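Down below is the structure, laid out as structure tokens.
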Amino acid sequence: MKFFVDTADVAEIRDLADAGLLDGVTTNPSLIAKSGRAFKEVIAEICKIVEGPVSAEVTALDFAGMIREGNDLRKIAKNVTVKVPLTIDGLKACKALRAEGAMVNVTLCFSANQALLAAKAGASFISPFVGRLDDIHLEGMELISEIRQIYDNYGFDTEILVASVRTANHIKQAALIGADVVTAPPAVLKGLAKHPLTDKGIESFLADWKKTGQSIL
Ligand code: E4P
């Protein structure tokens with residue numbers, strides 16, 4: 001399973017990339033606003049740090065506008081993935097941009113039927129938002145299982161990019177289902193390394209090591 005980080009915070013991206021944990025990055029207009037930086041400038045910087053796909057989202061709602069913005073964003077770097085919303089115009093833009101060789105991430109997916117449409121439009125990635133479904137008391141992970149089954153039934157190669165990830169459990173469930181990618185905030189990705197028994201083990205090993213009076217260097 002590939003790991004993308006869901007942030008526009010360049011320091012966090014660098015930190016995770018240094019740990020060899022990053023296969024890509026997703027951003028959205030809210031994350032860009034949170035960074036307080038100029039959109040294209042921050043995307044260019046991220047694309048230099050991470051070789052994999054870096055999603056940059058269009059803000060136009062009509063087909064022609066999405067194509068214009070998508071083509072402009074693609075000029076920033078080869079690994080820019082144009083992110084379009086799951087609307088009919090978004091699907092049209094997806095099809096057209098894919099025909100021109102762009103990577104496209106279709107975002108804001110909340111149903112299996114929407115995911116089916118994105119695959120038919122040739123999306124490189126479909127982004128189902130599990131956390132936002134959980135927020136309204138639906139089972140976000142159930143949607144991932146449904147999409148996996150549908151894509152496998154028909155051999156669609158659109159990658160399932162599990163988004164709106166809030167917990168380590170979301171990531172484990174996504175891996176068990178066989179999702180292709182998860183995108184999660186930096187803290188959630190870093191949290192995967194944590195276990196109280198790991199901390200306890202380090203503590204007791206170091207206490208015993210101290211008793212030996214030795215040092216490695
Ligand atoms: C995905 O690409 C989105 O940027 C993101 O995962 C949304 O997450 P949120 O629901 O926590 O805002």
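Quantities reported herein were computed from a predicted structural model and do not represent experimental measurements.
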Which of M141, E142, R166 passes side chain to side chain contact (heavy atoms under 4.5 Å, CB included) with V130? It is M141
Taking all heavy atoms of [X] and all of [Y], pick out the closest pair and write down the distance.
{"X": "I171", "Y": "A184", "result": "CD1-CB, 4.1 Å"}
{"X": "G178", "Y": "R148", "result": "O-NH1, 2.9 Å"}
{"X": "V162", "Y": "A174", "result": "CG2-CB, 3.9 Å"}
{"X": "M103", "Y": "V80", "result": "CE-O, 4.1 Å"}
{"X": "I150", "Y": "F156", "result": "O-CD1, 4.4 Å"}
{"X": "L143", "Y": "P128", "result": "CD2-CB, 3.8 Å"}

In this structure, would [X] and [Y] fall into the same cluster of hydrophobic residues linked by side-chain contacts under 4.5 Å?
{"X": "W209", "Y": "I202", "answer": "no"}
{"X": "L108", "Y": "L116", "answer": "yes"}
{"X": "V25", "Y": "V188", "answer": "yes"}
{"X": "V58", "Y": "F39", "answer": "yes"}

Is any side-chain heavy atom of [X] less than 4.5 Å from a side-chain heavy atom of [Y]?
{"X": "P85", "Y": "M66", "result": "yes"}
{"X": "L61", "Y": "D89", "result": "no"}
{"X": "I177", "Y": "I147", "result": "no"}
{"X": "D23", "Y": "V181", "result": "no"}
{"X": "F4", "Y": "V165", "result": "no"}

Per side chain to side chain donor-acceptor pair (under 3.5 Å), D6 is matched among T26, T27, N28 by T26
Notebook entry, point to check: Can you list the steps and then say if V182 with F3 is a side chain to side chain contact (heavy atoms under 4.5 Å, CB included)?
Noted result: CA-CA 5 Å; V182 282; F3 276 11; 3.8 Å; yes
(request) Answer yes or no: is there an ion pair linking D9 with R37, defined by an N-O contact shorter than 4.0 Å? (result) no
Salt bridge between D72 and K75, side-chain N to carboxylate O under 4.0 Å?
yes
Spatial distance of atom [atom1] ([X]) from atom [atom2] ([Y]) [nearest 0.5 Å]:
{"X": "F63", "Y": "T87", "atom1": "CZ", "atom2": "OG1", "answer": "11.5 Å"}
{"X": "K172", "Y": "L192", "atom1": "NZ", "atom2": "CG", "answer": "11.5 Å"}
{"X": "F125", "Y": "I160", "atom1": "CZ", "atom2": "CD1", "answer": "12.0 Å"}
{"X": "I49", "Y": "D15", "atom1": "CD1", "atom2": "CG", "answer": "11.0 Å"}
{"X": "K190", "Y": "E12", "atom1": "NZ", "atom2": "CD", "answer": "4.0 Å"}
{"X": "D208", "Y": "F205", "atom1": "CG", "atom2": "CZ", "answer": "8.5 Å"}

message = Quick one about T81 and N105 (side-chain donor to acceptor, distance below 3.5 Å, no hydrogens or angles considered), yes or no?
response = no
request  = Using atom types as modelled and distance alone, determine if a side-chain donor or acceptor of Q114 lies under 3.5 Å from a backbone N or O of F110.
outcome  = yes
